[in-house]
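Residue numbering restarts at 1 for every chain, and letters A, B, ... go by the order of the sequence lines.
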There are 2 protein chains.
Amino acid sequence: MSQAETVILEKQLCFAVYSASHAFTRAYRTLLEPLGLTYPQYLVLLVLWERDGMRVKEIGARLFLDSGTLTPLLKRLEGIGYVRRIRDANDERQVSIMLTPAGQALEAKAAAVPKDLQCLIGVPGDEIGMLAEQVAKLRNGLQHASGELGTRELEGE
Amino acid sequence: MSQAETVILEKQLCFAVYSASHAFTRAYRTLLEPLGLTYPQYLVLLVLWERDGMRVKEIGARLFLDSGTLTPLLKRLEGIGYVRRIRDANDERQVSIMLTPAGQALEAKAAAVPKDLQCLIGVPGDEIGMLAEQVAKLRNGLQHASGELGTRELEGE
DNA sequence: GCAATTTTAATTGCACACGATTTAATGTTG
DNA sequence: CAACATTAAATCGTGTGCAATTAAAATTGC
């Protein structure tokens, strides 16, 4: 039984996503290196360029990351000089992340990145959008299902 | 200009893949925890269950990982008792990874994992296969394109 | 046959990720 | 308003990922 049902790695959606994610990160590394950014740092800036002054919690909700990941990352971004971390005067539990002038100016410098990457992907532009939508739906399904797992332990089957 | 062309995070294929990959890892964590495995460790075992005794380099080629990642991971798998690392007597640079009896026995215990996860995905079974294929193709394209980047620096544009 | 090159792992250093815990501040409730 | 609960970050420990370097062994050229 064990031999007959050997799992084929290449057919697994999860592995495809896992390995594609790393391939993306590697591709971005080359493009972002001139800006002194890693891909997760770039993601945080994308969020802030959309709306400046977001709190750590909000950024985390947007990127599906928690404070354990974001706090050190944001401190590095602050160290580079792209953001400032400002504790809210009204509610001192919260920390707002503000772009510095350098951080704002970076948006223009990073403008070419998405186009450069799109050239690398080697997939027709219209397919990219559809694929992104499908993968996002997949993520949302998993996100929801994982929450369930904590409660009911899948033992019923 | 900067405001008009703001990059919308949710439309980016890369972010979808990045966040879906983490969602997968989280989902697997719950399923693999009883086996004492992380997802990358599980991937290595999948490869070894297909063919035992592979060298580090071969495993890396299969999973798109290098020795910097695999060496410590394999040492942990050895510490748990699922594999042994055996240095080739003929070519002492090479290390073969052999499953222990416990590592072999684990295949049967892990047999339920893919099915359990498929239930969580919430995507019709036939779509999963197609999606996996598309994402794998995307990864292969990126993999190839990233190799190019090192040589010609995209400066032509 | 031996020096130069190539190949294979290991090692090192840095940056995520995330579960779990801690700390501090804020809400809530009797 | 005091006890309790909730919330937001920070902290801690473990485990990836990967570039760069090192070390050892095999291969090649001459």
Counterpart residues, ring-ring contact (aromatic ring centres under 6.0 Å, His included), relative to Tyr39(A) (two or more places apart):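 Per chain and number, Tyr39(A) pairs via ring-ring contact (aromatic ring centres under 6.0 Å, His included) with Tyr28(A), Tyr18(B).
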Where do [X] and [Y] come nearest, in terms of heavy atoms and distance?
{"X": "Gln118(B)", "Y": "Gly125(B)", "result": "NE2-CA, 4.2 Å"}
{"X": "Ala27(A)", "Y": "Leu142(B)", "result": "CB-CD2, 4.2 Å"}
{"X": "Arg87(A)", "Y": "Glu92(A)", "result": "NH1-O, 2.8 Å"}

Would you mind reading off the distance between [X] atom [atom1] and [N] atom [atom2], rounded to a whole angstrom?
{"X": "Glu58(B)", "N": "dT7(C)", "atom1": "CD", "atom2": "P", "value": "16 Å"}
{"X": "Tyr42(B)", "N": "dT16(D)", "atom1": "OH", "atom2": "P", "value": "15 Å"}
{"X": "Asp91(B)", "N": "dA23(D)", "atom1": "CG", "atom2": "C1'", "value": "13 Å"}
{"X": "Arg87(A)", "N": "dA9(D)", "atom1": "CZ", "atom2": "P", "value": "8 Å"}
{"X": "Phe24(B)", "N": "dT16(D)", "atom1": "CZ", "atom2": "C1'", "value": "19 Å"}
{"X": "Tyr28(B)", "N": "dG15(D)", "atom1": "OH", "atom2": "P", "value": "20 Å"}
{"X": "Ile59(B)", "N": "dG17(D)", "atom1": "CD1", "atom2": "P", "value": "15 Å"}
{"X": "Leu70(B)", "N": "dA19(D)", "atom1": "CG", "atom2": "P", "value": "13 Å"}

Distance-only side-chain donor-acceptor flag, Ser96(A) / Arg55(A), under 3.5 Å: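 No, because no side-chain N or O of Ser96(A) sits under 3.5 Å from a partner of the opposite role on Arg55(A).
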Asp91(B)-Gln94(B) side chain donor-acceptor pair, cut-off 3.5 Å: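 Yes, Gln94(B) and Asp91(B) have a side-chain donor paired with an acceptor closer than 3.5 Å.
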Reading 5' to 3' through nucleotides 14-21 of chain C, protein heavy-atom contacts under 4.0 Å coded B for base, S for sugar-phosphate only, - for none: -SSBBB--
Any Lys75(A) side-chain N or O less than 4.0 Å from OP1/OP2 of dT11(D):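 Indeed, a polar side-chain atom of Lys75(A) lies that close.
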Nearest-nucleotide 5' precedence on DNA chain C, Glu92(A) against Arg85(B):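 Upstream on the strand: Arg85(B).
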Output a table of nitrogen or oxygen pairs between the protein and nucleotides 4-7 of chain D separated by less than 3.5 Å.
residue: dT7(D); atom: O2; partner: Arg93(A); partner atom: NH1; Å: 3.2

Interatomic spacing from CD in Gln104(A) to OH in Tyr82(A) - rounded to 0.5 Å: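 Going from CD on Gln104(A) over to OH on Tyr82(A), the span is 13.0 Å.
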Straight-line distance of Leu48(B) CG to Ile59(B) CD1, nearest 0.5 Å: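 If we round to the nearest 0.5 Å, Leu48(B):CG and Ile59(B):CD1 are 4.5 Å apart.
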Arg84(A), CZ: over 12 other non-hydrogen atoms inside 6.0 angstrom: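 Not more than 12 within 6.0 Å, no.
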Sugar-phosphate, base or nothing in reach of Asn90(A), heavy atoms under 4.0 Å: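 Since only primed, P, OP1 and OP2 atoms lie under 4.0 Å of Asn90(A), the category is sugar-phosphate.
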